[in-house]
Amino acid sequence: MTMRVVIIFLLSALLPLSLSHGRDPFAWLYSRQSYGSLQGDTTGGACPDECDCPPSFPVAMYCDGRGLTAMPTIPSRVKYLYLQNNAITAVPDSALVNATNLVWLMMHYNQLTSDAIGKKAFLKLEGLERLYLQHNNLTSIPSNLPRTLRDLRINHNRIEKVIPADLEGMDNLTILYLHDNTVSEVGTSLKALKSLTLLDISGNKLTKVPEGLPEPLHQLYLESNSIDSLPESFLGRFTQLQYIRMAHNQLTDKGIPPNTFNVTGLVELDLSFNKLERIPPVSTTLQHLYLQANQIKEFTLGSFCSVVDVTNFSRLQTLRLDGNEISRQDIPSDSALCLRQASTIEV
């Protein structure tokens with residue numbers, strides 16, 4: 001009973017004091033903001049009400065999935081900006097003027113159109129490394145993208161062509177996702193990307209392999225296009241290329257020059273869902289070969305091993321030939337010597 005009297009006395013003493021200053025000393029108890037956010041870094045501007053800026057990670061701003069239709073105000077301290085899964089329709093020239101320290105900008109799954117992105121919108125982002133613009137309504141690659149970019153994802157848009165000016169000077173770009181657009185023309189636009197290791201341009205309207213592909217490529221994905229032939233010495237320059245996927249194209253035996261895929265270093269080759277009638281010669285270093293759903297009529301062991309001995313045999317582990325015009329009875333009896341490491345052969 002005595003304790004209750006003391007508490008009531010203290011409260012009654014505080015109340016006139018707080019009222020005299022025109023504020024409620026207990027407002028923090030039911031404030032919309034948490035105690036932690038009250039301690040947040042406000043360097044370069046306060047965190048917008050519609051976003052979260054964790055005090056433990058003050059250089060990040062989370063605005064994803066908030067139903068935003070316009071760009072929020074961005075404090076200059078922010079390096080990592082998450083704006084994905086909203087309904088943002090435009091990036092005006094002024095939207096990122098204050099955000100000069102950005103390193104990551106995530107804007108995938110919005111409603112951006114090319115006309116609504118200012119030509120100078122990205123001009124001052126001199127340290128940007130990662131830009132995600134996939135799943136929007138873009139018809140072209142935005143102008144004046146930062147030359148510091150390392151990872152550009154612009155897949156699942158409506159881009160019809162790529163011109164040299166779009167990617168000029170991007171010496172640091174290592175990853176480029178362009179898949180699932182309507183690209184029919186690339187020209188020599190990719191030639192200048194001297195650091196590119198992964199290119200995914202599948203699911204477009206290409207009728208030929210892009211010219212002047214960068215030599216450092218490690219992964220090349222061209223599936224689901226309309227490519228019917230390959231250029232001479234297609235892989236001659238690519239000493240680091242390990243993964244090629246060209247499934248769901250129109251490739252024929254005639255369209256593949258001799259020994260195109262007989263190059264060392266290649267680990268995985270996917271030529272499934274094409275129009276091949278023969279197994280193309282491949283290197284003994286190849287580990288995974290996908291040829292399902294073609295028109296292959298015979299099992300040519302010479303495609304894997306020209307000579308078989310203790311040291312000369314195929315390293316192939318996976319071979320898929322199902323959905324062709326051959327059966328298991330067509331596999332030569334001596335194939336076990338050549339394909340001694342194959343754990344899966346599907347016919």
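Only heavy atoms go into these numbers, but all of them, side chains included; no hydrogens, no water, no symmetry mates.
- Each ring pair (Phe, Tyr, Trp, His ring centres under 6.0 Å) pair with one or both residues in residues 319-347, not counting sequence neighbours, would appear here, but there are none.
- When the side-chain hydrogen bond (donor to acceptor under 3.5 Å, both in side chains) test is applied to N262, the partners found at least two apart in sequence or on another chain are N259.
- For residues 288-308, the set of pairs meeting the salt bridge (charged side-chain N to carboxylate O under 4.0 Å, His left out) definition, not counting sequence neighbours, comprises E277-K297, R278-E298, K297-E325.
- Annotation: ring pair (Phe, Tyr, Trp, His ring centres under 6.0 Å) contacts involving residues 210-229, sequence neighbours excluded, comprise H218-Y243.
- Every side-chain hydrogen bond (donor to acceptor under 3.5 Å, both in side chains) that S303 has, sequence neighbours left out, goes to T300.
- For the ring pair (Phe, Tyr, Trp, His ring centres under 6.0 Å) condition, no pair includes a residue of residues 308-347, sequence neighbours left out.
- Under the salt bridge (charged side-chain N to carboxylate O under 4.0 Å, His left out) criterion, no residue pair touches residues 105-120, with sequence neighbours excluded.
- Sequence neighbours left out, not one pair with a member in residues 178-203 passes salt bridge (charged side-chain N to carboxylate O under 4.0 Å, His left out).
- For the salt bridge (charged side-chain N to carboxylate O under 4.0 Å, His left out) condition, the pairs that include at least one residue of residues 222-244, sequence neighbours left out, are E215-R237.
- Every salt bridge (Lys or Arg N to Asp or Glu O under 4.0 Å) that R130 has, sequence neighbours left out, goes to D151.
- Sorted by first then second residue, the ring pair (Phe, Tyr, Trp, His ring centres under 6.0 Å) pairs that include residues 159-184, not counting sequence neighbours, are H156-H179, Y177-H179.
- Evaluation of the side-chain hydrogen bond (donor to acceptor under 3.5 Å, both in side chains) rule for T318 yields H288 as partners, not counting sequence neighbours.
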